[in-house]
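No hydrogens, no waters, no symmetry mates; every other heavy atom, side chains included, goes into these values. Just so we're on the same page: letters track the sequence lines, and every chain starts at 1.
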Amino acid sequence: MDKRYQHQDHEQEIYDLWEKSNSFNPDSDNQPAKQNKNDSKPFCILMPPPNANDPLHIGHAMFATLEDILVRYHRMLGDDTLWLPGTDHAGIETQFVFEKKLKKKGQSRFDFDRETLYQMIWDYVQENSDVAVNQLKKLGASADWSRFKFMLDKDIVKIVTQTFQELADQKLVYRDVKLVNYCTHCGTGFSELEINHKEQKSPLYYMKYGPFTLATTRPETKFGDTAIAVHPDDKRYQEYIGQEVEVEGLNGLFKLKVIADEYVDPEFGTGVVKITPAHDFNDFEVWQRHQDEIPGPKQIIDYRGHMTAEAGPYAGMYLKKARQEIVKDMQEKGLMVKIDEDYKHSIGTCYRCGTVIEPLPLPQFFIEVKPLTEKALQALDEGKVKVHGAGHDKILKHWLENLHDWNISRQIVWGIRMPVWYSTDNSNIHVVFIKNNERIEGTLKELLNLYEGKYSLDEIEKGLQELRAPVNIKYIISPTSPGENYLQETDTFDTWFSSAQWPYTTLQTGQLNDFSRFYPTNVMETGYDILPFWVMRMLMMGLNKTNDVPFKNVYLHGLIRDAKGQKMSKSKGNTINPLEKIEQYGADALRMALVIRSSAGLDKSVGDGDFKATRNFTNKLWNATRFILMSEKSETKGTGDTEYLEKLSTITQEITRQLNDFKIGLAAETLYNEFWHWFCDECIEKSKAGEISQSTLIKGLITFLKLLHPFIPFVTESIWQTLQKEGFVDKKDSGLLIVSNWPH
RNA sequence: GGACUCAUAGCUCAGUUGGUUAGAGCGCUUCGUUUACAUCGAAGAGGUCAGAGGUUCGAGUCCUCUUGAGUCCACCA
């Protein structure tokens, strides 16, 4: 043996050994579970699918390590153990990255019909699809790669669309025009969860508005105003309530009705609010309450961020530009009373690209969540799911109790296209399609030759880029076309709609009995940052689909921060590339550094000092082995043997209990301390003095190798192989450490 | 405005149903290289466990309040 443990010389070889022996597959004959067939319990973890084409960051290394520890532990315990891996198509993320590439070539997604674009992204993802997987292997992930799943696999897509149909049958799907959080840059709407609120300073404009002065941050939306509102009890404005007032605008005079609504805060500004139902969530709700009195949404901003024809002289202008021009023109006309430049408020921004979110009216599919959240809350109350992670169980409950209906429509191509069909009998369907590199837009009435237009349905369908059907139109849900003269919805499902179904889609499409064998899964391990996006929705969807929870335990790990406890970010330049650290210190050292003293739900900071320390630990283990192999064999009982064996047993029980309780960080720390400071510092020294016999000492080494294997699999397996060659391992443990039996 | 979490050594953090003398890594001081390991060993300095009160035979751990830090959610045009 070398004087030092050289991880580069072992890791690849050891991983190959595991893979060749088929040790990750629960159906393999070498599994400890096969030896105790009768009382073997299933243990299953589904890997949170990383984006197929994303290189791993430190957070992936964290989840891979934690899950691998649990999986290796349970495999050794003799449980029927499956860790099922997969990757996600990551709809918006991936399309966003791909569009950036297009932009470099001077192209945009609007240059392609949706099928062409889809195929291009598909090819791009395929090119990079093994990036994540290869990196997970470098970390030592013992996942069953033969069961690997991709979110857009045909069989998975089939179940996802079936679920949509089932939800519709349950009357939990509806289509409605609501204001959606729309990113004009990404070109799609989002759910409430995908919006970041940022505080910023923006001018508050006090403008003349008929007989009133009112304060607004968005003067440009005045073309979309359909009413003026005051508080019902506001004495200043009683005489106006219910009246129509004449307002002088930039576009001449117009009339608006004054309504009274509790929503108006008399203390703010002048206590008068202009109501713009098409571009403000609150105003939209006000309109809903006063539908009989005032007109509805009047859209003055389009889906690409331009002013619409409704904005008169400003039509076609970009929003920001329009605001500047309008403010200027109002000042010239003397309509601007004053501008408060110091006003702070928070605005929604796109979590993807940071663009300011525009609330825009759009027909979208929604899922009514109440019946789903109720089931989830009940399961939590009954203790069918246990959440491990500092207070996040309470946060989950809070989410479930306050969730709004889920907007699942996304106006992007990369994803699962909604199995929704509209009859072309409705000539008001608005379509955009590409023919001979030309972008043609209009209603079917204008375009389709059925209605004296000049294009065939076939041409439109083939080149289809986007379709917008009127809100009240009939639709048919079907995986395939319900007949001639139907066009399929161009929207795709929210990525999270398919990932919410990961627990059953993966198992139902796996080996014949995987679902009955492994569902509900035992642990869902992921970062707390996607608790509402993913964990909550898996719980809701899983319960609704299968009448059972998708997982019994949720283990939430914290964020990895840098050595100073700061959040990692590319802009700060303090990110850690896990592959670099594997090169430098070895996968075992990286794994150990990430988990040692980590605690569920709490952030963890790591730096080079930690990697060095854990790298040294792997070396310590290596050298302790060298010492034992070099020391003289002796069978004479030592005076300290009994006490030593007792302590060894205590440690084993302690680690076992800690792992059962998901105290993974603590187990790692305990092992580190007991091995280094007890086994090495005390026991090896005692053995030198003859107080502990060599044959007894080696029992301890073997126990430690097993206990440590889930945490640092490469070095332990490597040592194991050497010990075996030297004949130090019992026959019942012949073979690989990964499939050896957990000590007790 | 609502909620959650955290506060322990110079720094980053553990502390497992309340139980001897509160631990680790890094850093610091002194010493050590006769063969497991210098990616090492030995010895040591360093803590009023944020503050106050309470429960208890016993509190870093449980309860209440205060202070400070962070995170999430909501949000007034």
Side-chain angles (χ1 to χ4, degrees), chain A residues 1-6 192-193 195-197 199 204-206 214-219 221 228-229 263-276 279-283 286 343-348 389-399 401-402 528-529 531-532 558-559 561-567 585-586 589 593 596-599 601-631 654-655 657-663 665-670 672-673 676-677 680-681 684-685 687-688:
Chain A
M1 286 172 89
D2 291 336
K3 202 170 171 181
R4 283 183 187 176
Y5 172 63
Q6 309 281 9
E192 53 172 343
L193 304 191
I195 308 307
N196 290 330
H197 290 272
E199 181 146 300
L204 183 63
Y205 302 95
Y206 285 77
L214 58 75
T216 179
T217 51
R218 304 205 57 185
T221 60
I228 295 170
Y263 148 73
V264 181
D265 175 4
E267 304 291 319
F268 185 90
T270 57
V272 183
V273 185
K274 63 193 201 61
I275 299 299
T276 323
H279 299 290
D280 183 283
F281 288 102
N282 288 310
D283 292 4
V286 171
Y343 181 65
K344 265 188 212 161
H345 73 151
S346 80
I347 49 163
H392 287 286
D393 50 337
K394 291 173 200 160
I395 293 174
L396 176 59
K397 266 194 180 171
H398 186 260
W399 271 109
E401 282 160 0
N402 294 290
Y528 65 73
D529 49 333
L531 179 73
L559 266 51
R561 294 166 176 268
D562 74 4
K564 289 176 193 158
Q566 288 185 299
K567 253 188 186 171
Y585 303 104
I596 193 165
R597 268 166 273 123
S598 73
S599 198
L602 296 181
D603 294 354
K604 170 95 165 82
S605 54
V606 291
D608 272 306
D610 301 286
F611 298 127
K612 270 182 200 153
T614 49
R615 187 268 321 267
N616 294 353
F617 182 69
T618 60
N619 188 56
K620 188 77 180 173
L621 182 60
W622 181 261
N623 273 292
T625 308
R626 277 182 68 214
F627 169 78
I628 290 172
L629 288 179
M630 290 197 297
S631 62
E654 199 177 352
I655 300 302
R657 195 181 65 241
Q658 288 167 348
L659 286 176
N660 287 340
D661 291 347
F662 296 97
K663 308 273 183 190
L666 185 58
E669 186 184 16
T670 308
Y672 182 101
N673 289 335
W676 198 309
H677 301 301
C680 294
D681 293 348
I684 288 186
E685 293 312 312
S687 87
K688 286 178 185 171

Mind checking if [X] touches a base, just sugar-phosphate, or nothing, with heavy atoms under 4.0 Å?
X	answer
D265(A)	base
A613(A)	sugar-phosphate
R597(A)	base
E685(A)	base
A563(A)	sugar-phosphate
I395(A)	sugar-phosphate

Any-strand Watson-Crick or G-U partner of [N], both distances under 3.5 Å:
N	answer
G27(B)	none
U16(B)	none
U33(B)	none
U5(B)	A69(B)

Can you check the distance between [N] and [M], where both ends of the measurement are the [atom1] atom (answer in whole Å)?
N	M	atom1	result
U5(B)	C13(B)	C1'	16 Å
U17(B)	A36(B)	C1'	40 Å
A50(B)	G15(B)	P	14 Å
G60(B)	A22(B)	P	10 Å
C4(B)	A74(B)	C1'	14 Å
U21(B)	G58(B)	P	15 Å
C62(B)	G1(B)	P	28 Å
C6(B)	G19(B)	C1'	26 Å

Respond yes when some side-chain nitrogen or oxygen of [X] is under 4.0 Å from OP1 or OP2 of [N], and no when none is.
X	N	value
T217(A)	A77(B)	no
H398(A)	C4(B)	no
Y343(A)	A77(B)	yes
K604(A)	A14(B)	no

*What are the two closest heavy atoms between D681(A) and H677(A), and how far apart are they?*
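Closest approach of D681(A) to H677(A): OD2-ND1, 3.1 Å.
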
*What is the minimum heavy-atom distance between F627(A) and S687(A), and which atoms define it?*
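Heavy-atom minimum between the residues: CE2-OG, 3.7 Å.
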
Write down the distance between [atom1] ([X]) and [atom2] ([N]), rounded to a whole number of angstrom.
X	N	atom1	atom2	result
N616(A)	G41(B)	CG	P	9 Å
D608(A)	G25(B)	CG	C1'	13 Å
I195(A)	A74(B)	CD1	P	10 Å
M630(A)	U34(B)	CE	P	16 Å
W676(A)	G25(B)	CH2	P	8 Å
W399(A)	U71(B)	CH2	P	16 Å
K564(A)	A69(B)	NZ	P	21 Å
Y528(A)	C72(B)	OH	P	8 Å

Give the nucleotide from the list [options] with an atom nearest to the side chain of [X].
X	options	result
K620(A)	U5(B), G25(B), C37(B)	C37(B)
I684(A)	A77(B), A14(B), A36(B)	A36(B)
V273(A)	C75(B), A38(B), A77(B)	A77(B)
N619(A)	U16(B), C37(B), A24(B)	C37(B)
T216(A)	A36(B), A77(B), A24(B)	A77(B)
K688(A)	A36(B), U39(B), C73(B)	A36(B)
R615(A)	A14(B), A36(B), U39(B)	U39(B)
H677(A)	C37(B), A36(B), A24(B)	A24(B)
L602(A)	A36(B), U16(B), U5(B)	U5(B)
D681(A)	U16(B), A36(B), G41(B)	G41(B)

_Nearest-nucleotide 5' precedence on RNA chain B, K567(A) against Y263(A)_ =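 Upstream on the strand: K567(A).
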
*Please figure out whether L204(A) or K3(A) has its closest RNA chain B nucleotide nearer the 5' end.*
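Its nearest nucleotide lies further toward 5', so the answer is K3(A).
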
*Is the side chain of W622(A) donor-acceptor paired with the backbone N or O of D2(A) at a distance under 3.5 Å, no angle test?*
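Side chain of W622(A) to backbone of D2(A), a donor-acceptor pair under 3.5 Å: yes, one is there.
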
*Any donor-acceptor pair under 3.5 Å from D265(A) side chain to E267(A) backbone*: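 Here the side-chain-to-backbone pair exists.
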
To the nearest 0.5 Å, what is the distance between [atom1] on [X] and [atom2] on [Y]?
X	Y	atom1	atom2	answer
E654(A)	T670(A)	CD	OG1	5.0 Å
L666(A)	I596(A)	CG	CD1	10.0 Å
Y5(A)	N623(A)	OH	CG	12.5 Å

*Evaluate the salt bridge (Lys or Arg N to Asp or Glu O under 4.0 Å) criterion for residues K688(A) and E685(A): first the C-alpha distance (whole Å), next the side-chain angles of each, then the deciding distance (0.1 Å), finally the verdict.*
CA-CA 5 Å; K688(A) 286 178 185 171; E685(A) 293 312 312; 3.2 Å; yes

*So do the side chains of L204(A) and F268(A) get within less than 4.5 Å of each other, counting heavy atoms only?*
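Yes. Closest side-chain heavy atoms under 4.5 Å.
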
